[in-house]
Number of protein chains: 2
Amino acid sequence: MAEPKHQAARAERAKKTVAKIQKLAGETLREVRREQNPAVSIPIRALSNVTFSAKRQLIELGDKSQSREFFNVSMAKKFMQTFLVAGACKDLLESGKTTSIRDLFYMTKHTIKGAKENTFDDQVESDPIIEDLEVSLDALREELHLFAAKRGSMVGPMVIVDAGDEIDLARMGSGGWSIPSITEDYVIEFKKSEAEYVLLVEKEAVWHRLNEDKFWKKHKCMLVTGNGQATRGVRRLLQRMATELKIPLYVLVDNDPWGLYIYSVVKQGSISLAYESMRMAVPKARFLGLRTRDFKRFKLSEDVKIDLEKEDIARAKQMLAYPWFAAKHWQEEIGDLLAAGFKMEIEALSNKDISFVTDVYVPEKIAKKDWLA
Amino acid sequence: MAEPKHQAARAERAKKTVAKIQKLAGETLREVRREQNPAVSIPIRALSNVTFSAKRQLIELGDKSQSREFFNVSMAKKFMQTFLVAGACKDLLESGKTTSIRDLFYMTKHTIKGAKENTFDDQVESDPIIEDLEVSLDALREELHLFAAKRGSMVGPMVIVDAGDEIDLARMGSGGWSIPSITEDYVIEFKKSEAEYVLLVEKEAVWHRLNEDKFWKKHKCMLVTGNGQATRGVRRLLQRMATELKIPLYVLVDNDPWGLYIYSVVKQGSISLAYESMRMAVPKARFLGLRTRDFKRFKLSEDVKIDLEKEDIARAKQMLAYPWFAAKHWQEEIGDLLAAGFKMEIEALSNKDISFVTDVYVPEKIAKKDWLA
């Protein structure tokens with residue numbers, strides 16, 4: 001009878017989020033009754049209000065905020081939209097349902113009575129309002145019962161409870177468990193784990209190789225792929241495993257600026273979503289490569305080199321300037337990439353042997369602590 | 001002890017495919033020994049060799065073929081590449097491993113001894129060679145142990161065996177079972193099923209809604225999403241469920257030409273992959289909408305209308321000309337879309353109520369047999 005327990009946890013969390021929405025609405029109502037100009041304070045989500053905390057190793061939002069006022073021609077519509085979205089989220093929370101941000105747009109889109117004006121014309125209008133609410137209420141969108149696209153799979157020696165169903169991730173066949181969009185603890189519970197570390201693989205094909213070779217069984221690890229950049233659901237899950245299970249996270253990406261970027265978002269968050277870093281980032285994540293020096297070290301063939309393109313070079317130079325890559329070893333790593341003039345995909349290792357990544361590359365690097373952080 | 005059984009089935013299938021490769025190679029070797037010009041006959045994969053079989057309701061490849069000769073300057077490289085890829089597939093089959101087409105490119109890419117020429121310069125060269133081999137050998141790429149990208153999830157009242165692991169798809173929580181790239185019967189076995197039909201949903205967010213509402217439990221159906229166009233793995237799985245379990249397949253897509261296209265590929269295959277239709281298509285698939293007339297029928301709000309764009313109109317007109325949409329009801333359906341001048345997403349139904357799709361739309365349409373085929 002796991003279901004009632006999971007539903008109770010979910011309902012309790014929903015209640016807390018509803019209370020936050022009611023507090024926001026209550027304050028505004030009081031201002032209306034006092035015949036003041038009702039206003040909401042919205043933290044600014046722009047580069048100008050983003051800092052890198054060297055201590056916490058996180059990209060964080062500063063404390064600059066903006067007052068969104070009702071009696072202000074340029075703000076009145078956004079003010080209305082803020083409460084429209086907040087109201088829809090309250091309905092979702094109270095009905096115990098979750099939905100996509102696309103759906104929310106449809107739920108809140110209508111023509112304003114007695115006017116020809118629409119509440120929203122396009123989803124590009126409603127998405128930022130959701131982000132405004134997340135920061136104002138200090139609640140992730142998942143806590144507002146909204147989800148983004150789902151992507152990614154996981155297998156490994158762990159039993160979880162997902163929405164009341166007990167699932168043994170060590171018996172998931174070739175497909176794996178599909179990581180949902182909402183991976184908060186009131187949806188996904190870690191029931192039993194023998195995992196000694198987590199291995200995040202950028203590419204699904206490489207995940208497939210490691211799964212088919214049963215790498216996770218031999219090395220007792222959770223094997224995760226984000227199919228490219230990790231979604232919010234994957235990032236939240238990674239953070240929960242790292243903190244709740246107290247196990248390290250290794251990140252295996254291509255040897256190119258995009259691979260570095262995927263790693264850096266997992267590690268310290270992104271500029272555009274700085275307000276979520278606290279709940280998503282894994283500052284101690286370990287970069288397992290591929291690295292430029294691996295070309296020589298593993299005696300790879302010339303065939304696997306791919307010339308850096310203009311955008312690669314520009315992107316790498318940008319990364320050299322980021323404070324979170326200021327450490328000497330990162331400057332060297334990115335410098336090596338630029339000096340070599342070529343990039344490589346993880347699949348390059350298949351040029352040696354199809355299971356080289358499973359049998360040699362990953363276990364050897366972990367055993368020798370040959371990773372960057 | 002499910003594992004040995006599944007491995008035996010896989011090994012047996014691999015043996016058959018290896019025999020096909022050996023037959024092809026053996027014939028060529030005999031030609032070499034006879035000092036003839038070695039040649040391989042490759043069926044032509046172009047529109048000129050594609051027909052629509054009204055009887056079988058499938059897009060099929062005709063019997064035109066081309067001789068690929070070794071002593072022919074324009075063919076020699078492709079001839080070499082054909083055997084290089086065939087050899088790599090034989091290695092894969094014999095080692096019992098599967099890999100991605102990207103990986104295969106790396107496995108077969110090298111500089112030819114004594115020359116500066118590469119076997120392959122780019123994956124765009126190796127991909128068509130794989131397709132050549134598929135048609136020449138009459139073996140799907142999955143049977144050659146190659147896979148494409150993985151995408152899509154499934155839940156429902158069914159127990160499967162996936163690579164030796166027994167998985168209860170009725171206990172998959174919020175995430176669902178991640179559909180693998182290879183869903184042949186030697187990987188995925190349908191062990192026990194109470195499903196009365198299959199519901200394929202174009203959009204993952206709609207799948208999530210139906211899963212959260214436990215639609216599949218109440219209506220005893222398999223709930224599948226392809227996250228957009230169905231991958232090969234999803235299509236093969238749909239066909240296997242339709243034929244082996246003898247249950248109908250319903251397809252729920254947006255009301256736009258892209259939705260119609262997704263449906264038509266599931267139903268009768270695509271022009272570019274005509275040679276696979278026999279193994280992938282579900283000619284009796286039922287189109288469950290969304291339809292233009294649903295706007296009035298379900299009293300939807302004006303807010304959900306999206307103007308058709310130029311490309312939508314061009315695409316719809318193209319579809320009017322396809323022989324597989326020649327039937328009167330399809331001509332009317334596509335005509336309605338063009339006449340109305342607007343398209344709608346399935347999420348439009350959320351404008352009425354978040355669970356309208358679960359509680360009203362799908363069950364009502366199925367009960368009233370209000371679908372097209």
ask   = Is chain A contacted by the side chain of B:Ile160, its backbone, both, or neither, given a heavy-atom distance below 4.5 Å?
value = neither
message = Report which part of A:Leu92 has an atom under 4.5 Å of a heavy atom belonging to chain B: side chain, backbone, both, or neither.
response = side chain
request  = Please flag which part of A:Asp213 lies under 4.5 Å from any non-hydrogen atom of chain B: side chain, backbone, both or neither.
outcome  = side chain
Ion pair check, B:Glu345 and A:Lys109, cut-off under 4.0 Å = no
query = Quick one: what part of A:Asn351 sits under 4.5 Å from any heavy atom of chain B, side chain, backbone, both or neither?
reply = both
task = Test side chain to side chain contact (heavy atoms under 4.5 Å, CB included) on B:His208 and A:Thr98 and set out the steps.
result = CA-CA 9 Å; B:His208 177 100; A:Thr98 60; 2.7 Å; yes
key: Exceeds 12 heavy-atom contacts within 6.0 angstrom, atom NZ of A:Lys218   = no
note = Ranked by heavy-atom pairs below 4.5 Å to chain A, first place among B:Met107, B:Lys352, B:Arg102 goes to B:Arg102
Salt-bridge present (A:Arg10, B:Glu212; N to O < 4.0 Å) = yes
inquiry  = Need one label for B:Phe147: side chain, backbone, both or neither, based on atoms under 4.5 Å from any heavy atom in chain A.
reply    = side chain
ask   = Which atoms of A:Ala170 come close to chain B, meaning under 4.5 Å heavy atom to heavy atom: side chain ones, backbone ones, both, or neither?
value = backbone
ask   = Checking heavy atoms, do the side chain of A:Asn227, its backbone, both or neither come under 4.5 Å from chain B?
value = side chain
query = Between A:Asp91, A:Asn118, A:Ile167, which shows the greatest number of heavy-atom pairs under 4.5 Å with chain B?
reply = A:Ile167
Expected output: side-chain B:Asp162 to main-chain A:Gly175 donor-acceptor under 3.5 Å = yes
note = On a heavy-atom basis, the closest approach of A:Met172 and B:Met172 is CE-CE, 3.3 Å
Portion of A:Thr111 that has a non-hydrogen atom of chain B nearer than 4.5 angstrom = both
message = Given heavy-atom pairs under 4.5 angstrom as the criterion, report whether the side chain, backbone, both or neither of B:Ile306 touches chain A.
response = side chain
note = Heavy-atom closest pair (B:Ser181 atom, A:Glu204 atom, distance to 0.1 Å) is OG-OE2, 4.1 Å
ask   = Can B:Ser178 and A:Ser178 be counted as having a side-chain donor-acceptor contact under 3.5 angstrom?
value = no
query = Most heavy-atom pairs under 4.5 angstrom with chain B, which of A:Ile179, A:Ile354, A:Val206, A:Thr183?
reply = A:Ile354
query = Under a 4.5 Å heavy-atom cutoff, which of B:Ser355, B:Gly176, B:Ser100, B:Ser95 has the most pairs with chain A?
reply = B:Gly176
ask   = Given side chains that start at C-beta, do those of B:Lys97 and A:Arg209 come closer than 4.5 Å, heavy atoms only?
value = yes
inquiry  = Do A:Lys150 and B:Ser153 pair up side chain to side chain, a donor and an acceptor below 3.5 Å, judged on atom types alone?
reply    = yes
task = Inspect the surroundings of NZ in A:Lys191 and state if more than 12 heavy atoms from other residues, nucleotides or ligands are less than 6.0 Å away.
result = no
key: Top of B:Gly96, B:Ala348, B:Ser301, B:Gly152 for chain A proximity - count of heavy-atom pairs under 4.5 angstrom   = B:Ala348
query = For the candidates B:Gly233, B:Ala205, B:Ser174, B:Pro180, which exhibits the highest count of non-hydrogen atom pairs separated by less than 4.5 Å from chain A?
reply = B:Ser174
ask   = Rounded to the nearest 0.5 Å, how far does CZ of A:Phe120 lie from CG of B:Asp303?
value = 12.0 Å
key: Positive for side chain to side chain donor-acceptor pair (under 3.5 Å) with A:Ser350, one of B:Asp103, B:Thr108, B:Thr99   = B:Asp103
task = Give, as side chain, backbone, both or neither, the part of A:Val187 having an atom under 4.5 angstrom from any heavy atom of chain B.
result = side chain
